[in-house]
Number of protein chains: 2
Amino acid sequence: MNASPRRKELTRLAAQLFVQEGFDKTTVRMLAQEMGIKSGSLFHHFKDKQEILAAVIEEGTHNALRIARRALESSPADPEARLRTMARAHLETLFTDRNAHVVALFEWRRLDDEAKAHLSHLRDAYEALWVDVIDAALEAGLIHGDRFLVSRFVLGALNWTVRWYDPAGPRTPDDLADELVAMIIPMKR
Amino acid sequence: MNASPRRKELTRLAAQLFVQEGFDKTTVRMLAQEMGIKSGSLFHHFKDKQEILAAVIEEGTHNALRIARRALESSPADPEARLRTMARAHLETLFTDRNAHVVALFEWRRLDDEAKAHLSHLRDAYEALWVDVIDAALEAGLIHGDRFLVSRFVLGALNWTVRWYDPAGPRTPDDLADELVAMIIPMKR
DNA sequence: CTCTTACACTAGCGCTTGCTTGGTTACTCA
DNA sequence: TGAGTAACCAAGCAAGCGCTAGTGTAAGAG
């Protein structure tokens, strides 16, 4: 909807607080203070607290979709490279927009039905990219198993990284992606 | 601590509500009503709301540890069987005690420091079982990769199942476990 | 036949919550 | 210069929150 630079910055700050404290424990007064305004002024930018949450999640998911599409465009066409590309792109978004994605993954349930319906479409579009890539890998005999289960397992493993991965450590997100792909592709070393 | 059957039943009900509503959104009045008492009476059983959360998580983690240990005892000794056993045991607990485990996975941050320290030990004991099994599988050349990353990926994939698995569907938890093991073990079909 | 213990109740205190209201300031553009 | 508008503030309301205090009651122990 509204995408003023001010609102974008406020959304970014909100994401950070939502991750630190959780959506429910984050009060409008905390949000306002972090933004350098008073709690009442917050409602000039957002209709209510719900809308802030929706803005955070929309921003994150939108970026994920954009990054994945661009990565696929400039990726080699063979199934293995495309699989690696998607895994890398997934982790890239996850950690450049970490706050927004942690909120999207763990505070989704706090959205009202209307926002959920709207944002589901965005998320589905993203997951469709994965399904394509995994289907191609299955057809090429690169990996084996049930297409539904494989994609769930892979996305689960990747999403769970936000719970333990430390960007200050020795491994880059690309390292993680490569390791995961190597783990599910037989006989590659 | 206290483990009266009454308290256990109250804990079970609390777990259900925490999953439905989230810990923060669950009020002591909702908890009391679900338990068939008034909100004041709740504090005869639990010192405060925090303690209910700790009780839920302790119960769940304790069961997980018990089930995994028993499963390993009666498992064949070869690394592949032990890997499958752990995966099956993990999903078995996850879905027989689903509510408690969802709370443990997604409301952990709401625990105060004291409870966190106490429960960390239980969780570490459980994860140690995994590390053993995965180390053995690596040494046997059954799987490849970094031991740290492999265990994180596997646990991530398994834990994420609570977000999409439907027990009413055609697949059993054992099916899921077997598929995951097949996915990461090369050349097994 | 008391004493104790476990469990429940009523009533409400003190505080925080999301959000509203009515008004002020600073900037833009005709 | 003056109108319009976006951004903000001070003040506070109504509702809901976790939790406490004080009391009642029934069952088992001595």
Side-chain angles (χ1 to χ4, degrees), chain A residues 1-59 103 107-116, chain B residues 1-59 103 107-116:
Chain A
M1 299 249 174
N2 185 347
S4 72
R6 179 75 173 134
R7 187 178 152 119
K8 249 193 179 172
E9 172 65 5
L10 298 183
T11 304
R12 207 187 51 82
L13 288 170
Q16 191 189 342
L17 262 181
F18 288 162
V19 169
Q20 255 174 51
E21 312 287 333
F23 177 72
D24 290 324
K25 280 272 178 199
T26 304
T27 69
V28 293
R29 282 167 242 268
M30 294 164 66
L31 286 165
Q33 187 174 20
E34 199 75 10
M35 297 167 178
I37 58 180
K38 301 291 169 169
S39 71
S41 313
L42 220 163
F43 295 92
H44 172 75
H45 300 277
F46 301 93
K47 158 170 155 277
D48 55 21
K49 199 185 163 193
Q50 277 277 332
E51 194 180 281
I52 309 180
L53 177 61
V56 167
I57 297 184
E58 175 158 17
E59 172 79 8
V103 170
E107 308 283 3
W108 179 269
R109 46 191 284 106
R110 297 269 81 90
L111 290 169
D112 57 36
D113 290 343
E114 195 190 354
K116 240 180 261 185
Chain B
M1 302 245 175
N2 185 346
S4 71
R6 177 81 174 130
R7 188 177 152 116
K8 252 194 177 172
E9 171 65 6
L10 297 183
T11 303
R12 206 185 52 82
L13 288 171
Q16 191 189 340
L17 261 181
F18 288 162
V19 169
Q20 255 173 51
E21 312 287 334
F23 176 71
D24 291 322
K25 281 271 178 199
T26 304
T27 69
V28 293
R29 283 166 242 266
M30 292 165 68
L31 286 165
Q33 187 175 20
E34 198 73 12
M35 297 166 178
I37 59 181
K38 301 291 167 160
S39 71
S41 313
L42 218 164
F43 295 92
H44 173 75
H45 300 278
F46 302 93
K47 157 172 154 279
D48 55 21
K49 199 185 163 193
Q50 277 276 332
E51 195 180 279
I52 310 181
L53 178 61
V56 167
I57 296 184
E58 176 158 17
E59 172 79 7
V103 171
E107 307 283 3
W108 179 269
R109 47 192 282 109
R110 298 269 83 91
L111 289 168
D112 57 37
D113 290 344
E114 195 190 355
K116 240 180 261 186

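Just so it is clear: chains get the letters A, B, ... in the order the sequence lines come, proteins before strands, and each one is counted from 1.
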Handout entry: B:Ile37, nearest nucleotide to its side chain (from C:dA8, C:dT20, D:dC19)
Key = C:dA8
Completion exercise
Note: for B:Gly36 and B:Ser39 on DNA chain C, the residue whose nearest nucleotide lies more 5' is B:Gly36
Exercise for the section: Check the surroundings of atom CD in A:Gln33: do more than 12 heavy atoms from other residues, nucleotides or ligands lie under 6.0 Å from it? Expected result: no
Exercise for the section: Starting at atom CG of A:Asp24, determine the distance to atom C1' of D:dC17, rounded to an integer number of angstrom. Expected result: 13 Å
Exercise for the section: Calculate the interatomic distance between B:Leu31 atom CG and D:dG18 atom P; express it in whole Å. Expected result: 8 Å
Handout entry: Side-chain N,O (A:His45) to OP1/OP2 (D:dA6) below 4.0 Å
Key = no
Exercise for the section: Could you tell me the separation between the CE atom of B:Met30 and the P atom of D:dC17, rounded to a whole number of Å? Expected result: 8 Å
Exercise for the section: Could you check which of C:dG18, D:dG18, C:dC9 has an atom nearest any side-chain atom of B:Thr27? Expected result: D:dG18
Problem - Rounded interatomic separation in angstrom, taking NZ from B:Lys49 and P from C:dC15 - result: 19 Å
Practice task
Spell out, as yes or no, whether a donor-acceptor pair under 3.5 Å connects the side chain of A:Lys25 to the backbone of B:Arg110.
Solution key: no
Problem - B:Arg7 side chain vs B:Phe46 backbone, donor-acceptor pair below 3.5 Å - result: no
Problem - Qualifying residue for side chain to side chain contact (heavy atoms under 4.5 Å, CB included) with A:Ile52, from A:Leu31, A:Val28, A:Ile57, A:Thr11 - result: A:Leu31
Problem - Length of the CZ-C1' vector between B:Phe46 and D:dG18, whole Å - result: 15 Å
Practice task
Look at A:Lys38 and D:dC8 and indicate whether a side-chain polar atom (N or O) is within less than 4.0 Å of OP1 or OP2.
Solution key: no
Exercise for the section: Please report, rounded to the nearest Å, how far the P atom of D:dC8 is from the CG atom of A:Leu42. Expected result: 10 Å
Exercise for the section: Give a yes/no on whether any side-chain N or O of A:His44 is located under 4.0 angstrom from OP1 or OP2 of D:dA7. Expected result: yes
Handout entry: Phosphate-side-chain proximity, B:Arg7 and C:dA6, N/O vs OP1/OP2 below 4.0 Å
Key = no
Practice task
Let me see the working for A:Glu9 and A:Leu13 under side-chain contact (heavy atoms from CB on, under 4.5 Å), right down to the final yes or no.
Solution key: CA-CA 6 Å; A:Glu9 172 65 5; A:Leu13 288 170; 4.2 Å; yes
Practice task
Figure out the CD1/C1' separation between B:Ile52 and D:dG18, and round it to whole Å.
Solution key: 11 Å
Handout entry: Comparing B:Phe23 and A:Leu10 on DNA chain D - which has the more 5′ nearest nucleotide
Key = A:Leu10
Problem - Side-chain N,O (B:Ser41) to OP1/OP2 (C:dC9) below 4.0 Å - result: yes
Problem - Whole-Å gap separating P (C:dG18) and CG (A:Asp48) - result: 11 Å
Practice task
Decide yes or no, distance alone: a donor-acceptor N/O pair under 3.5 angstrom between the base of D:dG18 and the side-chain of B:Arg29.
Solution key: yes
